[in-house]
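Below: the structure, in structure tokens.
All chains are named by letter (A, B, ...) in the order of the sequence lines, taking the proteins before the strands, and each is independently numbered beginning at 1.
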Number of protein chains: 2
Amino acid sequence: MEDLQDILVRLKSTGIKNTKHRIRILEFLNQSHQPRSADEIYESLRQEDSSISLSTVYRAMDILVANELVNKVNFENGTKTSFEINRHIHHHFVVCLGCNKVFSIEGCPIHEYEHELEKKTGFKVVGHKLELYGYCKACQRQQKHKN
Amino acid sequence: MEDLQDILVRLKSTGIKNTKHRIRILEFLNQSHQPRSADEIYESLRQEDSSISLSTVYRAMDILVANELVNKVNFENGTKTSFEINRHIHHHFVVCLGCNKVFSIEGCPIHEYEHELEKKTGFKVVGHKLELYGYCKACQRQQKHKN
DNA sequence: CTAGGTGCAAATTCTTTGCAGAATA
DNA sequence: TATTCTGCAAAGAATTTGCACCTAG
């Protein structure tokens with residue numbers, strides 16, 4: 001887990017204002033092992049400060065995403081947008097369709113492919129999104145017990 | 001473009017009812033070069049039959065997706081769900097961030113990787129989502145002109 | 001002090017649902 | 001005819017916005 005201090009330094013360097021809500025959002029996401037929805041962030045912050053509003057969370061997410069402190073994630077299953085700390089490490093997600101847990105994997109199998117594609121089609125690739133769906137070990141075990 | 005007849009045969013074989021709306025939705029998606037939102041489908045059908053309702057479109061999409069005649073697609077940019085004819089050909093999308101056009105590419109660079117991952121982690125992979133984002137030739141040209 | 005941030009309530013947008021009537025197999 | 005589908009209107013969920021007040025720089 002990246003040190004919160006590093007993230008706060010990055011927050012300062014963006015020039016946007018350094019409010020307690022934003023700090024606590026970054027804190028919460030930094031300690032989360034999963035991407036979190038606006039609602040989850042809201043509920044978490046509300047436990048310490050019941051005056052915060054959900055619209056503040058949405059507005060904070062917008063600006064944190066625009067400043068690359070946070071990434072926006074949309075999974076196939078599940079309707080709402082999630083957010084994760086942007087650690088500037090290229091990675092992808094493995095999503096369990098049994099328990100909806102999200103695992104992060106480093107390394108990327110398609111950088112080479114991007115170059116191939118650019119050469120072949122002339123399309124300029126600036127990014128990509130890859131997610132794998134399936135069943136984690138625990139859910140596979142449960143599945144077997146059911147049969 | 002797959003023959004509409006083939007698709008209608010598949011529709012029949014599902015056992016779900018063969019209504020004119022469903023046929024026209026499949027027709028529309030079959031001739032589309034891009035995934036379409038429920039709203040786009042609705043607007044298109046409404047030109048010929050103004051009595052159709054948006055909820056019918058949503059309900060039709062549910063059942064067509066469940067019966068594998070249609071795929072559901074969620075892009076990172078853009079908020080609403082889109083739908084495309086399921087041609088049972090494994091493919092991925094290249095999305096232009098300039099004009100929002102969606103190009104389809106056949107072939108998949110990560111099947112091998114899936115196996116590796118399964119061996120390494122024990123996670124059972126049943127599917128994946130891969131999208132590439134960037135700029136198409138036309139938009140790259142425009143970009144240059146602006147500078 | 002001033003630009004930018006915030007809470008609240010209301011508005012929007014996308015999607016789902018209940019129900020009574022209509023169409024398909 | 002029985003089951004499934006449909007239109008309409010209303011409800012719901014997620015997200016955005018207007019406005020008056022507040023706070024960090």
Side-chain angles (χ1 to χ4, degrees), chain A residues 8-28 35-67 69-83 100, chain B residues 8-28 35-67 69-83 100:
Chain A
L8 297 184
V9 168
R10 289 206 270 132
L11 173 59
K12 274 226 157 121
S13 75
T14 62
I16 65 173
K17 281 190 182 168
N18 220 311
T19 70
K20 73 172 186 302
H21 291 329
R22 289 173 184 177
I23 293 169
R24 295 191 41 238
I25 287 171
L26 292 170
E27 218 169 324
F28 174 63
R36 299 294 189 181
S37 67
D39 198 64
E40 288 171 326
I41 296 167
Y42 171 64
E43 287 304 333
S44 158
L45 296 221
R46 216 159 64 99
Q47 288 178 11
E48 287 172 42
D49 174 357
S50 64
S51 81
I52 189 177
S53 90
L54 185 54
S55 52
T56 297
V57 175
Y58 277 109
R59 282 190 273 226
M61 297 334 286
D62 270 358
I63 200 165
L64 293 175
V65 168
N67 284 277
L69 287 153
V70 167
N71 294 324
K72 205 170 174 173
V73 190
N74 280 295
F75 294 112
E76 287 292 89
N77 58 334
T79 152
K80 33 190 168 177
T81 300
S82 294
F83 303 92
N100 280 309
Chain B
L8 297 184
V9 167
R10 289 205 271 132
L11 172 59
K12 272 226 157 121
S13 76
T14 62
I16 65 174
K17 283 191 180 166
N18 221 311
T19 71
K20 73 173 186 302
H21 292 328
R22 288 171 185 179
I23 293 169
R24 295 192 40 237
I25 288 171
L26 292 171
E27 218 169 326
F28 174 64
R36 300 293 190 181
S37 66
D39 198 63
E40 288 172 325
I41 296 167
Y42 170 65
E43 286 303 334
S44 158
L45 296 222
R46 216 159 64 100
Q47 289 178 10
E48 286 172 44
D49 176 357
S50 64
S51 80
I52 189 178
S53 89
L54 184 55
S55 53
T56 298
V57 175
Y58 276 109
R59 283 190 273 225
M61 298 333 286
D62 271 357
I63 201 165
L64 292 175
V65 168
N67 283 277
L69 287 154
V70 168
N71 294 325
K72 206 169 174 173
V73 189
N74 279 294
F75 293 112
E76 287 292 89
N77 58 334
T79 154
K80 33 191 168 177
T81 301
S82 294
F83 303 92
N100 279 310

*Ignoring hydrogens and angles, tell me if any N or O in the side chain of R22(A) forms a donor-acceptor pair with the backbone of K17(A) under 3.5 Å.*
yes
_Flag, side chain of R10(B) to backbone of L69(B), donor-acceptor distance under 3.5 Å_ = no
*Closest-nucleotide ordering on DNA chain C, the 5'-leading residue of G15(B) and D62(B)*: D62(B)
Which is true for [X] with a 4.0 Å heavy-atom rule: it touches a base, it touches only sugar-phosphate, or it touches nothing?
X      : result
R59(B) : base
I52(A) : sugar-phosphate
S51(B) : sugar-phosphate
K80(A) : sugar-phosphate

*What about T81(B): does its side chain form a donor-acceptor pair under 3.5 Å with the base of dC14(C)?*
no
_Under 3.5 Å donor-acceptor pair, T79(A) side-chain atoms to dC14(C) base atoms_ = no
*Difference in axis direction between the ends of the helix from dC1(C)-dG25(D) to dA25(C)-dT1(D), five pairs, 10°*: 40°
*How far apart are the closest heavy atoms of E40(B) and P35(B), and which atoms are they?*
OE1-O, 4.1 Å
_Closest approach of F28(A) to S44(A) (non-hydrogen atoms, all atoms of both residues)_ = CD1-OG, 3.3 Å
_Candidates I52(B), I41(B), L26(B), V57(B) - the one meeting side-chain contact (heavy atoms from CB on, under 4.5 Å) with H21(B)_ = I52(B)
Rounded to whole Å, how long is the line connecting atom [atom1] of [X] with atom [atom2] of [N]?
X      : N       : atom1 : atom2 : answer
L54(B) : dA9(D)  : CG    : P     : 14 Å
L45(B) : dG7(D)  : CG    : C1'   : 14 Å
N67(B) : dT4(D)  : CG    : P     : 13 Å
D49(B) : dA23(C) : CG    : P     : 11 Å
K20(B) : dA25(C) : NZ    : P     : 13 Å
I23(B) : dT24(C) : CD1   : C1'   : 11 Å
D39(A) : dT15(D) : CG    : P     : 9 Å
I16(B) : dT6(D)  : CD1   : C1'   : 14 Å

Closest approach to the side chain of [X], judged atom by atom: which nucleotide of [options] is it?
X      : options                  : answer
S55(B) : dT24(C), dG7(D), dG4(C)  : dG7(D)
K17(A) : dG5(C), dA23(C), dT6(C)  : dG5(C)
I63(A) : dT4(D), dG5(C), dT17(C)  : dG5(C)
N18(B) : dA25(C), dT15(C), dG4(C) : dA25(C)
S53(B) : dT4(D), dT6(C), dG7(D)   : dG7(D)

_Let's go through M61(B) and T81(B) carefully: what are the C-alpha distance in whole Å and the side-chain angles of both, what is the deciding distance for side-chain contact (heavy atoms from CB on, under 4.5 Å) to 0.1 Å, and is it a yes or a no?_
CA-CA 11 Å; M61(B) 298 333 286; T81(B) 301; over 6 Å; no
*asked:* It should be established whether H21(A) places a side-chain nitrogen or oxygen under 4.0 Å from OP1 or OP2 of nucleotide dT23(D).
replied: no
_Short side-chain N/O contact to dT15(D) OP1/OP2 from Y58(A), under 4.0 Å_ = yes
*Intermediate values then yes/no, side-chain contact (heavy atoms from CB on, under 4.5 Å), N74(B) and N74(A)*: CA-CA 8 Å; N74(B) 279 294; N74(A) 280 295; 5.6 Å; no
*asked:* Does E43(B) form a salt bridge (Lys or Arg N to Asp or Glu O under 4.0 Å) with R46(B)? I'd like the steps, not just the answer.
replied: CA-CA 5 Å; E43(B) 286 303 334; R46(B) 216 159 64 100; 3.4 Å; yes
